[in-house]
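Order of the sequence lines sets the chain letters (A, B, ...), proteins ahead of strands, with each chain counted from 1. Scope of the values below: all heavy atoms of this structure, side chains included, with no hydrogens, waters or symmetry mates. What you see is a predicted model, and the numbers here were worked out from it, not measured in a lab.
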Protein chains: 2
Amino acid sequence: MNRSDREDDILQLLSGRTSVGIAEIATHFSVSEATARRDVQQMAGSGLVRRVRGGATLRGISRLEPLFRDKEDRAARAKRAIAASASSLIRDGNTIYLDGGSTVLSLAPLLDTRRNLTIVTNSVMAAVKLLDTRHRLLLTGGEFRSLSRTLVGPLTEALLEQLQFDIAFMGTMGFSVERGMMTTDPNEAFTKAQAMSRAGTVALLMDSSKFNATALARTGTASDIDILITEAADDSLCQQLAEHHVLVQIATSSNKSLSH
Amino acid sequence: MNRSDREDDILQLLSGRTSVGIAEIATHFSVSEATARRDVQQMAGSGLVRRVRGGATLRGISRLEPLFRDKEDRAARAKRAIAASASSLIRDGNTIYLDGGSTVLSLAPLLDTRRNLTIVTNSVMAAVKLLDTRHRLLLTGGEFRSLSRTLVGPLTEALLEQLQFDIAFMGTMGFSVERGMMTTDPNEAFTKAQAMSRAGTVALLMDSSKFNATALARTGTASDIDILITEAADDSLCQQLAEHHVLVQIATSSNKSLSH
DNA sequence: AGCCAGATGATCACTTTTAATCACTTCTGC
DNA sequence: GCAGAAGTGATTAAAAGTGATCATCTGGCT
């Protein structure tokens, strides 16, 4: 068993779960821990796994895929309701921006009911869903980030600078009134901020599980949001948001209500 | 047993599993290890296997799909041979550009045999195929053209201007020595021209059906091409191309030859 | 805060594999 | 048959992989 074979097999070993220990690798392949450590180190260097103390964890798509799907199942109804509610903001002929994230993604199929839209997105998944759309479709370009399947970075931002949207539909990893919107990757945060700055109206699509969730990088403050669309919100939250001039739109599976 | 025969048989040897050792090849064919090593090296050069310490492995797509079993039409086989031949131009660490078109697209699965590439593309199909690659992936952005499923237009060109490639792998709708490369859409032609201008080496991947086919918009002249990779070419064509300093690389299913 | 077991990275010695080179043989076109 | 090209095997220095050792670092615990 040589080095490259082990590399594949370590991934195999990881396929069922999220992490694997150095000692486990060593015994599994009958090599010293030093070697196991070197393997993991090199794999981390080429981005295959993430190095953690005591072993390695999956990173990128391979881990996110089941997670993504799981999330899709659990909160699918909420997302659909949110997307349906969001689509009511769109008028024929609008230019809209679609951010990454599964909530915004579920907006894509609903766009067929509108005419002559110009759809700009940095989400490769959204682009794929819209491949056969009759609307005008633009991708932002830039560096592909596999975790979120979006395009981010300076190239993306340079291109966004040339554009202007009627509405930007944004997703987020976490949100609170005090801390604003947050996401895991600073590059992505920057790109999100840039996209929002180019929009006449910023609509944040967020299921209630994101409330008070925190993440590394701030993408914007509560005041940057024009309208927040979610499926459950209490009065005090609406109150707080109203102070930041944020409109709150509550989506339900059957109908929707509006609160100021 | 000569060299090319061994080449096929090594693939046969690999068909049931993921890796084969140098020593094993040497004993199996009764040749020295030096020869086995040279065989494997050459096969790795044309992208058929991935060279690892101690032997060779199949990787990625080639391992998942029984590449040599399925029956296909001749065009598909030609495209793959062209792609395999093209992949030998790529070195670890290169920055490459992938144009649209099915011929270039079949290059995508072969990239797994290289390491640390930066892949830039305006082809959404190529991007989708490379979603889970461990290479760095950049999309050009711009307006989505549904016919070719590529991104084109001024935004694309503005972004391309910021980049520089080692090799650009281009496709084309038609080509002749006198008229150069042609495609149907003028916007696309412009984007192609821009991409080529950013590349150190321009490689045109084209099956022979494109010879002397014509289309509306010229994307470039014969002199813009550094190397033409195709599956069939006659001497007079090679002669003509040589006058334009175009290297011609003929791809066959087993090996390849080079003509100046 | 201080302690401690386990994890880590650096280094060394040793083994295996590789790339480069040389000499020799086989093949090919003239 | 001859000359050049390509293939092959052997040799050897360089490179890469491995295991062991040890000083250092980390994170958890009292």
Tabulate below the donor-acceptor pairs under 3.5 Å that side-chain atoms of residues 97-110 of chain B make, not counting sequence neighbours, or state none.
residue, atom, partner, partner atom, Å
B:Y97, OH, B:N122, OD1, 3.1
B:D99, OD2, B:G171, N, 3.1
B:D99, OD2, B:K192, NZ, 2.4
B:S102, OG, B:K79, NZ, 3.4
B:S106, OG, B:S102, O, 3.4
B:S106, OG, B:T103, O, 2.7

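Contacts classified as ring-ring contact (aromatic ring centres under 6.0 Å, His included) and involving residues 107-140 of chain B (residues at least two apart or in different chains) are not found. Identified under the salt bridge (Lys or Arg N to Asp or Glu O under 4.0 Å) test for residues 118-127 of chain B, with sequence neighbours left out: none. Legend: salt bridge (Lys or Arg N to Asp or Glu O under 4.0 Å) pairs involving residues 180-189 of chain A, not counting sequence neighbours, sorted by first then second residue: A:R145-A:D185, A:R145-A:E188.
Partners of A:T214 under the side-chain contact (heavy atoms from CB on, under 4.5 Å) rule, at least two apart in sequence or in another chain, are A:R179, A:M182. A:E143 pairs by the salt bridge (Lys or Arg N to Asp or Glu O under 4.0 Å) definition with B:R136, not counting sequence neighbours. Applying the salt bridge (Lys or Arg N to Asp or Glu O under 4.0 Å) test to A:E24 and every residue at least two apart in sequence or in another chain returns A:R17.
Direction change of the helix axis from one end of the helix from C:dA1-D:dT30 to C:dC30-D:dG1 to the other is 40°, with five pairs defining each end axis (rounded to 10°).
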**OP:** Summarise protein proximity over nucleotides 4-10 of chain C in one line of letters, 5' to 3': B for base, S for sugar-phosphate only, - for none, counting protein heavy atoms closer than 4.0 Å.
**Re:** --BSB--
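A distance of 6.5 Å separates OG1 in B:T221 from CE in B:M181, rounded to the nearest 0.5 Å.
The distance from atom CZ of A:R6 to atom P of D:dG17 is 9 Å, rounded to the nearest whole Å.
Put simply, A:S32 has no side-chain N or O that comes within less than 4.0 Å of OP1 or OP2 on D:dT18.
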